[in-house]
There are 2 protein chains.
Amino acid sequence: MNHKKRAVTIQDVAKAAGVSVSTVSRVLNGKIDVASDTQDRILAIIGDLGYTSNLAARSMRSYKKNLIGLVVPDIGFPYSIEIMKGVNRAIAESNFDLLLYTTGDIQKNGTDLHEQHYVSLLNNSITDGVIIVASAAAEFITNAPIVAVDPHVVNPNYPSVQGTNYHGSLEVMEYLIGQGHRRIGFISGRQDVGSAGRRLKGYQDALANAGIDLDEGLITPGDFTQKIGYKYARQLLKLSNPPTAIFAANDQSAIGVFEAAEELGLRIPEDLSVVGFDNISEAKYLGLTTVDQFLADMGYVAVQMLIKLIGGELLELETYKMQTKLVERTSCQKLIQTAY
Amino acid sequence: MNHKKRAVTIQDVAKAAGVSVSTVSRVLNGKIDVASDTQDRILAIIGDLGYTSNLAARSMRSYKKNLIGLVVPDIGFPYSIEIMKGVNRAIAESNFDLLLYTTGDIQKNGTDLHEQHYVSLLNNSITDGVIIVASAAAEFITNAPIVAVDPHVVNPNYPSVQGTNYHGSLEVMEYLIGQGHRRIGFISGRQDVGSAGRRLKGYQDALANAGIDLDEGLITPGDFTQKIGYKYARQLLKLSNPPTAIFAANDQSAIGVFEAAEELGLRIPEDLSVVGFDNISEAKYLGLTTVDQFLADMGYVAVQMLIKLIGGELLELETYKMQTKLVERTSCQKLIQTAY
DNA sequence: TTTTTTTCTGAAAGCACTTTCAGTTTAGCA
DNA sequence: TGCTAAACTGAAAGTGCTTTCAGAAAAAAA
């Protein structure tokens, strides 16, 4: 009852066609040396029987699987979705198929071990290579190539596509400072994530460059979620001397800032300027000024790099730097000098 | 050079531990009858060697794979993304992993054949069951269970989760008519998609119920994309006697309507009321009144149904009807009677 | 101590396929 | 017609694993 009909195998096809398995396999793989009429006959029978080759068995024998693995922490995040869009586009243009792997529970267990596990699981089995998003590991043991998108470590042991996080953060701060803001709040990203650290560094350095004293009280923790963004935005805005602008480490936190501002009756940008990071699709609708990381393009490039590696080619660049760009919308405003 | 190191296999582990492969396999699968110290020793060696079992080889022998396949037309669509979110949540709560399959090229080739192909590919190989989104086929040949989300056919041969498209459409129309709208434009969905047809039927029937003559000129084709929504919205709005409201078959088309309205200098809702369908995340930001299909919940429920089937249980309901709900936002307004 | 039971282990078959190797036809050419 | 090359096909080995079967060692019972 449990496994209903047995799947139709290559043997069934062979028997029906009156040839040997090897012959069927040959027409399946487009190999030479099989008479065109036998070929047609076999193809017809395959159609009739509705045969599909067993992925498992096939990948066991042959090295070429035409399958790329994608390991993503959580497909629900806008961040992941953006990257997936780019990956999808590159896949569509290639002759590879996509195998997305997720356990959906990064929150629960530390990622590191699992990443390694999934990468080997896929690469040692059914994929020709894998793309890993936001990986924490500095090294991977795998016998097929991998490419990382936005890894936590700056100089990983594997090829990667990275955004210019430090630069982007610097640019945001120069923009804000240029608008006259002096008290700028910063809502951090997840501590264990490399890019979050680089954005914080950019914040600090820009302040120093402009000769503004760093007020530690304006830097809050964070974890890239809207909820926590909201929480710390409230905290910042309730300060006796609140910031005139808030720079959130990503767009989702920035959305949390919007929420807190609205609740406290503050208008954006009149009473508070807000900047995010990532440029997820929601940002456009909110008029959120943010830094475009070109996440989709990062996914796209990663697939192209991986396909090269699978083909045995060498990469010109081991780490591809995707240039960030400040996207000005309506969430920021020149600071009107108030009398002190 | 191409396949660097050979992956570490169960044999390597066995050799290192000085036992036979079968023993290693037994500890791997948590079977009884292996001395606890041998067990510990083997486990340690597995850790040292970084062994991961070969998915392909494993799924060839055993029926239980703890893997669920998800076949999605295009992961870039907000529609797909919503469903994926729900699937992801259900997966996280289960002890299954997700294998997302997409070729990314539904546009190019008719979907039907490919769907069948992917479903068998997955189900005859590495997955315990698959969920297929927006499937066109009425029947599937597969030896593992499948569950469809929003299939094109109303009464498919397989279990499915469906929205109440007709009902939702009716509700929209009653709402619009209740606001005094008489000339209501309809931008259709893709013709080959069942739910699109049901929404159109709802549109027509609601008009008939209200005793309003159907003006065929107010019904345009469509394909669920923003671009085509824009195109036909323009066409509708340039009519000598344009509609006062437009009901788009999905939110993305509705966004196209917004675009067209803005371009023609029409304010929403003052000059034009707009309703969509789906309630994708963008809808909230646009203030788009729409019908919530609870796509994420549909994905969630589908996974739960599938897991039951995999476990050999029977379903109470072969087709789960997810009740739609009108979400009122700010894109509609009572029609102010203009003098004719 | 002998017999029975329990615990533990390994050999080998089988899963569905690809690929190598060798063998049989058929065609090409003198 | 005979000989060589090309075209075609099948048997069988091998891929990494699980599982059955049976046998050995240890523990328990007699």
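Chain letters run A, B, ... following the sequence lines, proteins first, then strands; residues in each count from 1. All of these numbers come straight from a predicted model, not from anything done at the bench.
With A:Ser135 contributing its side chain and A:Ile132 its backbone, the two residues share no donor-acceptor pair below 3.5 Å. The backbone N or O of B:Asp74 lies less than 3.5 Å from a partner atom in the side chain of B:Ser80, making a donor-acceptor pair. Not a single donor-acceptor pair under 3.5 Å links the side chain of B:Ser160 to the backbone N or O of B:Gln162.
Across C:dT9, D:dT19, C:dT19, the shortest atom-to-atom separation from the side chain of B:Thr38 is found for C:dT9. Of the candidate nucleotides C:dG10, C:dT18, D:dT18, C:dT18 has the atom nearest to the side chain of A:Arg58. Side chain of A:Thr9, nearest nucleotide from C:dA16, D:dT18, C:dT9: C:dA16. Nearest to the side-chain atoms of A:Thr23 among the listed nucleotides D:dT9, C:dT19, D:dC17 stands D:dT9. Each of C:dC21, C:dC17, D:dC17 was ranked by its minimum atom distance to the side chain of B:Asn54; first place goes to D:dC17.
Atoms CD1 (B:Ile126) and P (D:dC17) sit 16 Å apart, rounded to a whole Å. With rounding to whole Å, B:Gln39 atom CD is found 9 Å from C:dC8 atom P. When the C1' atom of D:dT18 is taken as reference, atom CG of B:Leu28 falls 10 Å away, rounded to whole Å. Here C:dC17 presents its P atom at 7 Å from CD of A:Gln11, a figure rounded to the nearest Å. Whole-Å rounding puts the B:Asp37 CG to D:dA25 P distance at 17 Å. Between A:Tyr51 atom OH and C:dA16 atom P there is a gap of 10 Å when expressed in whole angstrom units. Rounded to whole angstrom, the span from the CD1 atom of A:Ile10 across to the C1' atom of D:dT9 amounts to 14 Å. Rounded to whole angstrom, the span from the NZ atom of B:Lys15 across to the P atom of C:dT9 amounts to 19 Å.
Each end of the helix from C:dT1-D:dA30 to C:dA30-D:dT1 yields a helix axis from five base pairs, and these two axes differ in direction by 40° (to the nearest 10 degrees).
In the model, B:Tyr158 has no side-chain atom that pairs as donor or acceptor with a side-chain atom of B:Glu318 under 3.5 Å. Checking A:Ser22 against A:Ser25 by side-chain atom types alone, no donor-acceptor pair falls below 3.5 Å. In this structure, a donor-acceptor pair under 3.5 Å is absent between the side chains of A:Thr9 and A:Gln11.
Under the rule for a side-chain hydrogen bond (donor to acceptor under 3.5 Å, both in side chains), A:Tyr51 has no partner lying at least two apart in sequence or in another chain.
Not one side-chain nitrogen or oxygen of A:Ser20 sits closer than 4.0 Å to the OP1 or OP2 atom of D:dT9.
Residue whose closest nucleotide on DNA chain D sits further toward the 5' end, between B:Ala56 and B:Ser22: B:Ala56.
Using a 4.0 Å heavy-atom criterion, one finds that A:Val21 contacts no nucleic acid atom at all.
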